[in-house]
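Here is the structure we will look at, set down as structure tokens.
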Amino acid sequence: MKKPELSDGQIISDFSVNVLLFNDSGATLSLDNYIEELEEQASFKTSLKDEEIKPLATGGIVWVNSINGNLNTRNIEITTKYVSYVGSKPDSVSFTNKFLASDVQTSNKGYYAEKGRDSKHLTRNQSFTSTLRSQTKYWIGSTEVKVFEKGVPVGLQTGDTGRILYNNAAMPYFKYVDSRSGLVNYEPSSTTWQKVPNPTPWDSSKDRGAYITYYINTYGNPGWDWASYDIHHIKPREYGGGNEKSNLIPVPRSIHQQLITAWWNSYNKG
């Protein structure tokens with residue numbers, strides 16, 4: 001199976017922007033001043049709201065962390081960058097990248113277990129990348145930041161990326177949406193599905209033709225060249241999926257073969 005043609009072998013899946021204000025006792029820096037200075041120093045726009053952050057601090061930092069899948073190395077990567085500080089320059093800032101993984105489709109961190117971590121002290125504009133061998137799981141890139149003054153911690157904050165489903169080849173799940181019908185190739189609800197001994201049979205001529213007729217009658221004739229489309233089983237037959245209409249979606253053959261089928265080929269094996 002041919003892999004997707006990605007020039008650098010990486011797909012950036014999700015990132016987060018985080019702000020930590022520290023030493024909020026006797027502070028004079030207002031939130032408006034903080035945002036204004038931050039944007040001026042780092043050419044960086046934020047979407048922070050007044051009610052989301054305490055308005056007083058002697059200083060603050062902003063960092064960005066992202067989670068990536070590297071198809072060349074089959075590793076998951078968390079990259080964290082210390083973007084800027086405002087106000088009092090901290091003596092030291094420690095960043096800890098944590099790989100959090102879950103077998104179920106949820107954003108509740110209670111279902112995520114830590115699979116690895118990596119720490120480093122950074123100065124402004126520095127970044128570092130942590131790597132971990134990929135497994136088929138839902139992943140969150142979590143970065144814990146500690147600010148120190150004279151060796152004493154004066155601020156602590158954690159920033160998380162959104163969850164992303166990777167397979168064992170570090171390939172993110174491709175969520176295809178058919179714009180005409182609104183049908184979606186939804187993510188699997190679990191990363192531990194097992195192959196079934198007797199998959200539901202599919203007749204590539206009779207069953208395919210019946211579905212195409214159903215699709216046209218239900219959603220109208222899209223005018224496609226159906227020869228360039230595959231009928232995809234959202235839950236694959238080899239993992240227990242059936243031929244019911246709710247489990248089927250038409251997908252352009254190139255996307256189906258290079259992104260969707262390729263993803264399932266590394267769902268439960270290295």
Side-chain angles (χ1 to χ4, degrees), residues 10-24 27 29 31 34-39 41-70 75-102 105-132 134 137-149 153-166 170 172:
Q10 280 195 331
I11 298 175
I12 296 179
S13 301
D14 202 273
F15 71 95
S16 66
V17 179
N18 311 280
V19 173
L20 167 60
L21 302 187
F22 56 90
N23 260 351
D24 59 4
L29 183 70
L31 178 61
Y34 179 88
I35 298 300
E36 184 176 320
E37 291 188 43
L38 176 63
E39 292 177 348
Q41 288 191 25
S43 298
F44 196 86
K45 299 295 183 181
T46 73
S47 59
L48 301 171
K49 299 178 181 178
D50 286 1
E51 62 269 19
E52 293 178 343
I53 295 182
K54 293 179 180 180
L56 298 177
T58 59
I61 66 168
V62 61
W63 77 96
V64 178
N65 63 335
S66 64
I67 187 167
N68 312 277
N70 190 316
N75 287 331
I76 298 172
E77 303 176 348
I78 299 174
T79 298
T80 298
K81 181 175 183 179
Y82 177 2
V83 176
S84 183
Y85 71 87
V86 173
S88 173
K89 179 181 179 180
D91 289 344
S92 176
V93 186
S94 171
F95 295 81
T96 300
N97 291 335
K98 301 177 183 179
F99 295 87
L100 307 181
S102 174
Q105 184 188 54
T106 178
S107 296
N108 186 334
K109 286 183 67 176
Y111 289 91
Y112 285 77
E114 184 179 319
K115 296 296 183 180
R117 65 165 60 196
D118 189 18
S119 298
K120 192 170 184 178
H121 282 75
L122 301 178
T123 59
R124 180 180 171 185
N125 287 326
Q126 283 189 325
S127 63
F128 83 112
T129 299
S130 308
T131 64
L132 186 72
S134 185
K137 293 182 184 295
Y138 283 92
W139 293 90
I140 292 175
S142 183
T143 302
E144 181 182 272
V145 178
K146 291 182 181 179
V147 176
F148 296 87
E149 295 284 0
V154 294
L156 173 65
Q157 182 79 4
T158 297
D160 296 333
T161 67
R163 62 173 172 80
I164 185 72
L165 175 59
Y166 288 107

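Both backbone and side-chain heavy atoms feed into the values below; hydrogens, waters and symmetry mates do not.
With rounding to the nearest 0.5 angstrom, the NZ atom of K120 is 8.0 Å from the OG atom of S127. Rounding to the nearest 0.5 Å places CD of Q157 at 10.0 Å from CD of E144. Once rounded to the nearest 0.5 Å, the distance linking OH of Y166 with CG of N70 reads 10.0 Å.
Between the side chain of T161 and the main chain of G141, a donor-acceptor pair closer than 3.5 Å is present. In this structure, the side chain of Y112 engages the main chain of T106 through a donor-acceptor pair within 3.5 Å. Remark: the backbone N or O of G110 is paired with a side-chain donor or acceptor of N108 at under 3.5 angstrom.
Across every non-hydrogen atom of K146 and L156, the tightest pair is CG-CD1, 3.5 Å.
A donor-acceptor pair shorter than 3.5 Å can be found between the side chains of T143 and N65. For the 3.5 Å distance criterion, the side chains of N97 and S130 qualify, holding a donor opposite an acceptor.
Electrostatic pairing of K98 and D118 does not count as a salt bridge here, judged by no charged N lying under 4.0 Å from a carboxylate O.
A cation-pi arrangement is found for R124 relative to Y85, the charged atom lying closer than 6.0 Å to the ring centre and inside a 45° cone about the ring normal.
Only one option out of F95, W63, F128 pairs with Y82 in a ring pair (Phe, Tyr, Trp, His ring centres under 6.0 Å); it is F95.
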